[in-house]
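For reference, the structure discussed in these notes is given below.
Note that this is a predicted model, so its numbers are computed, not measured.
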Amino acid sequence: MNPTPPLEAQDRPARLTVGVVGAGRVGPALAAALQLAGHRPVAVSGVSDASVRRAAELLPDVPLVTPAEVLARADLVLLTVPDDALADLVTGLAETGAVRPGQLLVHTSGRYGTAVLDPATRAGALPLALHPAMTFTGTSVDVQRLAGCSFGVTAPEELRMAAEALVIEMGGEPEWIAESARPLYHAALAIGANHLVTLVAQSMELLADAGVRAPDRMLGPLLGAALDNALRSGDAALTGPVARGDAGTVAAHVAELRRHSPQSVAGYLAMARTTADRALAHGLLKPELAEDLLGVLADGGDGPGPAARPGQGPAAPGTGPDTPRGPESPDGRGHDHDGPDNPDGHDPDTPDHGPEGGDR
């Protein structure tokens, strides 16, 4: 990725007073980043104890006021509330006359572009959608993590330069997203980030059940390498029993999961089917092996699989000199059979946000 060129003086936004509506995990961090760039936070709204603590830590001495008062004091207002609360908030602020002409209104929802801000735009506000593609902790570490973070940017063409400049001032990298593409963009991030957390947490639980004392330490190098490989090579990075077509191993996995963690079976089967489809389309999974594998997956793991066919012994699938092997991995070393191969509530104070949206 080419580094973003430095802003010329005429492209920089004027120094602005900044307000935050919704002191979840995201709003105070973005305001703190803008403060480092020379802007001045002047007001923040938040109700819960967690919001008050976050605002005090990241925006010390900035007064806690009502949302209407935030808009009265600030030139640039960050609307960092849950996706489902955003439209009603904007409508309410516009109907009560809180929006001022020429005021920059910025929301951080991944789901929406600028259309959700239409009531405020009709009242004279300047609408921007700036979505940081990052998960937030609600602590000062988030400000440093913004360095190099991609932002999904949607704005009217005449505000594009200002929107991108604000992102750059926060340390981020602007990525232009068309209004019509916001839902797809948001879904893509949710698949990659939210589902990853679920998969990792589930994997750690299963390893703990298997007697592993430090599941996080075991998974760290494996998942780090898998993520790096996937980002570099896409589907070519697929490895493991599904990509190899080891139907017996997959059947054994499902049997163990049914015994120890039945709630994880549906997710395993869904991901295995998707992995098989991608591996087959990419030429990693041989068609003659895919038939048995897809049969196991269609049966929900209840089918016999090749390892249990009549005339065959109980040898563990994936062993022995005649075991079919898939294509080599991208590094040319073949596949390792010793282990798995891989690569914010609806109150403005809900402390959760990431690429999925949610309270900011």
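The number of heavy-atom neighbours closer than 6.0 Å to CD of Glu179, taken from other residues, nucleotides and ligands shown, is above 12. Sparse packing is recorded around CD of Glu291, with 12 or fewer heavy atoms of other residues, nucleotides or ligands lying under 6.0 Å away. No more than 12 heavy atoms of other residues, nucleotides or ligands lie within 6.0 Å of CZ in Arg278, so this atom counts as exposed by the packing criterion.
Grouping the Ile, Leu, Val, Met, Phe, Trp and Tyr side chains by contacts below 4.5 angstrom, directly or via other members, places Val200 apart from Met271. Under the 4.5 Å side-chain heavy-atom criterion for ILVMFWY residues, no single connected hydrophobic cluster contains both Val116 and Leu184.
Between Leu30 and the options Val143, Val167, Thr108, a side chain to side chain contact (heavy atoms under 4.5 Å, CB included) holds for only Thr108.
Side-chain contact between His186 and Asp83 is present, with heavy atoms from C-beta onward closer than 4.5 Å. Taking 4.5 Å as the limit, every side-chain heavy atom of His39 sits out of range of all side-chain heavy atoms of Gln35. The shortest side-chain heavy-atom distance between Val250 and Asp246 does not fall under the 4.5 Å cut-off. Between Val65 and Arg73 the shortest side-chain heavy-atom distance falls below 4.5 Å. For the pair Gln103/Asp75, no side-chain contact is recorded, criterion being any heavy-atom separation below 4.5 Å from C-beta on. Proximity of Pro215 to Ser203: side-chain heavy atoms (C-beta onward) are nowhere separated by under 4.5 Å. By the 4.5 Å heavy-atom criterion applied to side chains, Glu175 and Val153 are not counted as neighbours. No side-chain heavy atom of Glu164 sits under 4.5 Å from any side-chain heavy atom of Phe151.
A pairwise comparison of heavy atoms in Ala290 and Leu285 identifies CB-CD2, 3.7 Å as the closest pair. Across Ser261 and Ser264, no two heavy atoms sit closer than the pair O-OG, 2.7 Å. The shortest non-hydrogen separation linking Val141 to Thr137 is CG1-OG1, 3.3 Å.
Between Arg25 and Glu57 there is no salt bridge, since none of the side-chain N atoms of the basic residue sits less than 4.0 Å from a carboxylate O of the acidic one. Under the 4.0 Å criterion applied to side-chain N and carboxylate O atoms, Arg53 and Asp49 are not assigned as salt-bridge partners.
Here the CG atom belonging to Leu105 is positioned 9.5 Å from the CZ atom belonging to Arg100, to the nearest 0.5 angstrom. One distance of note links CG of Leu199 with CG of Asn194; it measures 11.0 Å at 0.5 Å rounding. A distance of 5.0 Å separates OG1 in Thr139 from CG in Asp142, rounded to the nearest 0.5 Å. Rounding to the nearest 0.5 Å gives a distance of 11.5 Å between CG of Leu189 and OG1 of Thr135. A distance of 11.0 Å separates CG of Leu117 from CZ of Arg122, quoted to the nearest 0.5 Å. One distance of note links CG of Leu126 with CG of Leu76; it measures 10.5 Å at 0.5 Å rounding.
Arg54 places no side-chain N or O within donor-acceptor distance of the main-chain N or O of Gly138, the cut-off being under 3.5 Å.
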Practice task
Under the side-chain contact (heavy atoms from CB on, under 4.5 Å) rule, what do Val44 and Val70 come out as? Steps first, then yes or no, please.
Solution key: CA-CA 6 Å; Val44 58; Val70 171; 5.6 Å; no

Problem - Check against side-chain contact (heavy atoms from CB on, under 4.5 Å), Val18 and Val42 - result: CA-CA 6 Å; Val18 178; Val42 294; 6.0 Å; no

Handout entry: Trace of the side chain to side chain donor-acceptor pair (under 3.5 Å) decision for Arg182 with Thr154
Key = CA-CA 9 Å; Arg182 293 292 289 210; Thr154 304; 2.8 Å; yes

Practice task
Begin with the C-alpha distance, continue with both residues' side-chain angles, and end with the deciding distance and a verdict on side-chain contact (heavy atoms from CB on, under 4.5 Å) for Met134 and Arg145.
Solution key: CA-CA 8 Å; Met134 188 181 84; Arg145 285 180 175 174; 3.4 Å; yes

Problem - Derivation of the side-chain contact (heavy atoms from CB on, under 4.5 Å) call for Leu34 and Leu16 - result: CA-CA 9 Å; Leu34 288 169; Leu16 302 169; over 6 Å; no

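Annotation: Tyr185 is in aromatic contact with His131 [ring centroid separation under 6.0 Å]. Within the 6.0 Å centre-distance limit, the rings of Tyr268 and His253 are counted as a close aromatic pair.
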